Amino acid sequence: MANDGLGVGGGLMQALKLRMQYQQSRQKILAENVANADSPRFRPVDLKPPSVDPARARVAIAQTNAGHMSLTNANGGFDGTGAPRFETTPNGNAVNLEDEMLKVAQNQSDYQLAASLYSKGLGLMKIAIGKGR
C-alpha cells in the first residue's frame, strides 16, 4: 500500500473533508430543486455519493459471527433504492417537496456529523503533537 503522507488519521480526515464537500454541493442542488418546485417541466436532480476505493481503505470490517451482516455486497444488506416516485403536476413539474425536504434534513444531519468528527479529529491531532488542550 502506498504511503500518501497523511499518516493514520490523514486518510480519515481526507474522507471527512470529501464527504463535507459532497454534502455542500448536494445541499445546493437540493435547494435548487425546492426553488423550482413551481417551474413548468422541471425535473429534480440529485448527486451520486462519492465512491470509496476499497483498495485505499485502511480499515477492514470483520464478520466475527455468521449471524452478522456482511458488508462485502454492494449495499451492506440494505436496499437503499427505495420506491421511485413518479408524481408529476399538470404543468410537467416532478418536484415532490416532501421528498426534497427530507433529503435536505438528512443531508444537513450528515454534514453536521462529518463536521463534528472532523473537528474532533483535528483536536486529537493537536493533542498528539502537543499543541492542544
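Numbers here simply count residues along the sequence, with the first being 1. Given the structure is predicted, the values throughout are model-derived calculations rather than measurements.
Applying the salt bridge (charged side-chain N to carboxylate O under 4.0 Å, His left out) test to every pair with at least one member in residues 10-23, sequence neighbours left out, gives no pairs at all. Screening residues 102-117 for salt bridge (charged side-chain N to carboxylate O under 4.0 Å, His left out), with sequence neighbours left out, gives D46-K103, E100-K103.
Within the model, atoms CD1 of I129 and CG of L124 stand 11.5 Å from one another, a figure rounded to the nearest 0.5 Å. With rounding to the nearest 0.5 Å, the separation of CE in M20 from OH in Y118 is 6.0 Å. With values rounded to the nearest 0.5 angstrom, N33 atom CG is found 10.0 Å from L97 atom CG. The CG atom of L47 lies 4.0 Å from the CD1 atom of I29; values are rounded to the nearest 0.5 Å.
N93 contributes a side-chain N or O that, together with a main-chain N or O of S39, makes up a donor-acceptor pair within less than 3.5 Å.
Taking 4.5 Å as the limit, every side-chain heavy atom of Q23 sits out of range of all side-chain heavy atoms of Q108. The closest side-chain heavy-atom distance from V95 to V34 is not below 4.5 Å.
The two residues E32 and F42 have their closest heavy-atom pair at O-CZ, 4.2 Å.
Linking ILVMFWY side-chain heavy atoms closer than 4.5 Å, directly or via other members, places L30 and Y111 in two distinct hydrophobic clusters. Under a hydrophobic-cluster definition in which Ile, Leu, Val, Met, Phe, Trp and Tyr are linked whenever side-chain heavy atoms come within less than 4.5 Å, directly or via other members, L117 and M125 are assigned to the same cluster. Hydrophobic clustering, with ILVMFWY side chains joined whenever heavy atoms are under 4.5 angstrom apart, keeps L18 apart from L113.
Within a 6.0 Å sphere centred on CG of N91, other residues, nucleotides and ligands contribute more than 12 heavy atoms. Around CZ of R41, the count of heavy atoms belonging to other residues, nucleotides or ligands within 6.0 Å does not exceed 12.
Here Q27 pairs with N107 under the side-chain hydrogen bond (donor to acceptor under 3.5 Å, both in side chains) rule; sequence neighbours left out.
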